[in-house]
Amino acid sequence: MTIWRRIRAHWGAATWLRTLHVATGLLTGLLSAGVIATLVVGSVLLVWTVVVPVIAMALLFWTLPLFTALQRSRFAAHLDVHIAPLPRRDFSLHPLRWLVPQARALSTWRQLAYHLLCPLLNGLGSLALLTAWGGTLAMVFLAARAFDFSPSPAFGAAFTLIGVGLFLAGPLVARAFTWVDVIAGEALLGPALSDELAQRVETLQESRAEVIDAADAERRRIERDLHDGTQQRLVWLAMNLGMARATLKDLPEPAMQVITQAHEESKQALKELRDLVRGLHPAVLTDEGLDAALSGLAARAPFPVRLSVDVAQRASPTIEAVAFFVVSEALTNIAKHAEATKASITVVRKGDRLRLAVRDDGRGGAAPERGSGLRGLAQRVGSVDGELRIDSPQGGPTTIEVELPCE
């Protein structure tokens, strides 16, 4: 039974699908190679016209993915081999903006190499299979004729042996050529390692952006909940304790001390909660933008701060939150460590980049490796593919420059 299975598998459906794969490979290969050759020869012969080669190259780069999709469907239908698709490139109406990246892409020339190799490889395979299957039929016919008309059976036996050999070789030939075709197809039609890495990087960037946006949205939600819920309760608590402190003068001294202490603690808790809410994501940043939010930071600083904001078009909420965090952390560090008497903040949007600079006249010597504050700045800026530069020589002044993508 096992021998019969092997014999049936040797000449089963897979063998005829491989044979069909080679035959259709010859046809599709001739079609794609013919179109490619026509476009290339036409552009070479009419290179002096300038426009024709550009049109020919555009047609070439446009038809290559179509032929590649046709070949990938051939592999999937006949051999159940699924070649991963190539990453898509955005089409641009400007010819050079579309043609130049296509011409520079390695995948373009790998596809071109396969479409030129395909008719040669499958042509040899078709010839070999035609020899095997056609030769088998021819040997059967010649053997029958030899046994009927030849006085010696040696000719008939020789033709029979040759026919059996060709019949046995047919499936092996089909397997060999399809194996080579699969190797060539996967190597040239599938994405290269650089394409896979680029796709992986793009996926990771999108995932990171989604995580950052989700975290920023969560901070805004927490800010709203604290502002509208907990903060309001603390306000009412402080007001009630203040009213009790002002009106209940006839209470014993210990009770008055408890009320007074509770009132002061509630006010301190309210102040700390407001600072926490502002640090999470101030509502004014969402409602009014960077100018108003940074004005609040500058007004609360314990030293004079000159603020200049030139942002005609608002950036995304995530970028605005990062810019606000940078300025807030920089002012906090100046107040704690710089011993500065004044500072300046400049925010400018140029094109799709948001540039901000924080300068102070403090003692300098700031470095990310010396404190968690600047390391936090670097991490926050890097999370959105921004750039952070710190110039802080000993003795000052200190300049922190940040460049953020607006999208």
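Computation of the quantities below employed the complete heavy-atom set of this structure, encompassing side-chain atoms and omitting hydrogens, waters and symmetry-equivalent molecules. Small disclaimer: the values here were computed from a predicted structure and weren't measured.
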Salt bridge (charged side-chain N to carboxylate O under 4.0 Å, His left out) for Glu401 and Arg355? Distances and angles first, verdict last. CA-CA 7 Å; Glu401 295 180 338; Arg355 296 182 174 92; over 6 Å; no
Shortest non-hydrogen separation from Pro119 to Ala33 and the atoms involved: CG-CB, 3.8 Å
Between Pro393 and Pro397, the two heavy atoms sitting closest are CD-O, 3.3 Å
Any luck finding a side-chain donor-acceptor pair between Thr178 and His78 under 3.5 Å? no
How long is the straight-line distance from OG1 of Thr108 back to CG of Leu64, given to the nearest 0.5 Å? 7.0 Å
Assess, by modelled atom type and distance only, whether the side chains of Thr399 and Asp391 contain a donor and an acceptor separated by less than 3.5 Å. no
Heavy-atom closest contact (Leu129 atom, Gly170 atom, distance): CD2-O, 3.6 Å
Should Leu121 and Phe177 count as side-chain neighbours, where that means a heavy-atom distance under 4.5 Å? yes
Is there a side-chain contact between Leu307 and Val309 (heavy atoms, below 4.5 Å)? yes
For the residue pair Lys350 and Val348, establish whether any side-chain heavy-atom pair is separated by less than 4.5 Å. yes
Please find the pair of heavy atoms, one from Ala174 and one from Thr15, that lie closest to each other, and give the distance. CB-O, 4.3 Å
Do Pro171 and Trp16 touch side chain to side chain, with heavy atoms closer than 4.5 Å? no
Pair Phe67-His115, side chain to side chain contact (heavy atoms under 4.5 Å, CB included): steps then yes or no: CA-CA 8 Å; Phe67 289 130; His115 293 313; 3.6 Å; yes
Could you grab the distance from atom CD1 of Ile319 to atom CZ of Arg353, nearest 0.5 Å is fine? 9.0 Å
Would you mind writing out the side-chain donor-acceptor pairs for residues 289-299 within the sub-3.5 Å range, not counting sequence neighbours?
unit_1, atom_1, unit_2, atom_2, d
Ser295, OG, Asp291, O, 2.6

Are the side chain of Arg18 and the backbone N or O of Leu79 linked by a donor-acceptor pair below 3.5 Å? no
Is the shortest side-chain heavy-atom distance between Val402 and Val327 below 4.5 Å? no
Heavy atoms only: give me the nearest Arg349-Arg314 pair and the separation to one decimal. NH1-O, 3.1 Å
Donor-acceptor pair, Thr332 side chain versus Ser328 backbone, under 3.5 Å? yes
Give a yes or no on whether Arg389 atom CZ has more than 12 heavy-atom contacts from other residues, nucleotides or ligands under 6.0 Å away. yes
In this structure, CG of Leu188 is separated from CD1 of Ile183 (nearest 0.5 Å) by 11.0 Å
Give me the atom names and distance for the closest heavy-atom approach of Leu388 to Val381. N-CG1, 4.2 Å
Using modelled atom types and a 3.5 Å cut-off, is there a donor and acceptor pairing between side-chain atoms of Asp360 and backbone atoms of Ala340? no
Residue pair Leu356 / Val326, side-chain heavy-atom distance below 4.5 Å: yes
Got Ile345 and Leu331 here, is their nearest side-chain heavy-atom distance under 4.5 Å? yes
What distance do Arg363 atom CZ and Ile334 atom CD1 have between them, rounded to the nearest 0.5 Å? 12.5 Å
Give the C-alpha distance, both sets of side-chain angles, the deciding distance and a yes or no for side chain to side chain contact (heavy atoms under 4.5 Å, CB included) between Glu320 and Leu354. CA-CA 9 Å; Glu320 286 188 341; Leu354 184 69; 5.9 Å; no
Any donor and acceptor pair, going by atom type alone, linking the side chain of Gln111 with main-chain N or O of Ser107 inside 3.5 Å? yes
Atom pairs and distances, donor-acceptor, side-chain atoms in residues 69-76, under 3.5 Å, two or more places apart:
unit_1, atom_1, unit_2, atom_2, d
Gln71, OE1, Arg74, NE, 2.8
Gln71, OE1, Arg74, NH2, 2.9
Gln71, NE2, Thr28, OG1, 3.2
Arg72, NE, Ile83, O, 2.9
Arg72, NH2, Ile83, O, 2.9
Ser73, OG, Ala69, O, 3.3
Ser73, OG, Leu70, O, 2.6
Arg74, NH1, His21, O, 2.7
Arg74, NH1, His21, ND1, 3.3
Arg74, NH1, His21, NE2, 3.0
Arg74, NH2, Tyr114, OH, 3.1
Arg74, NH2, Asp181, OD2, 3.2

Check the pair Val358 / Thr346 against side chain to side chain contact (heavy atoms under 4.5 Å, CB included), numbers first and verdict last. CA-CA 7 Å; Val358 181; Thr346 304; over 6 Å; no
Would you call Val347 and Asp310 a side-chain contact if the rule is heavy atoms closer than 4.5 Å? no
Quick check against the 3.5 Å criterion: does Ser344 have a side-chain atom that pairs as donor or acceptor with the backbone of Arg306? no
Mind checking the OG1-CG spacing from Thr398 to Asn333? Nearest 0.5 Å is all I need. 10.0 Å
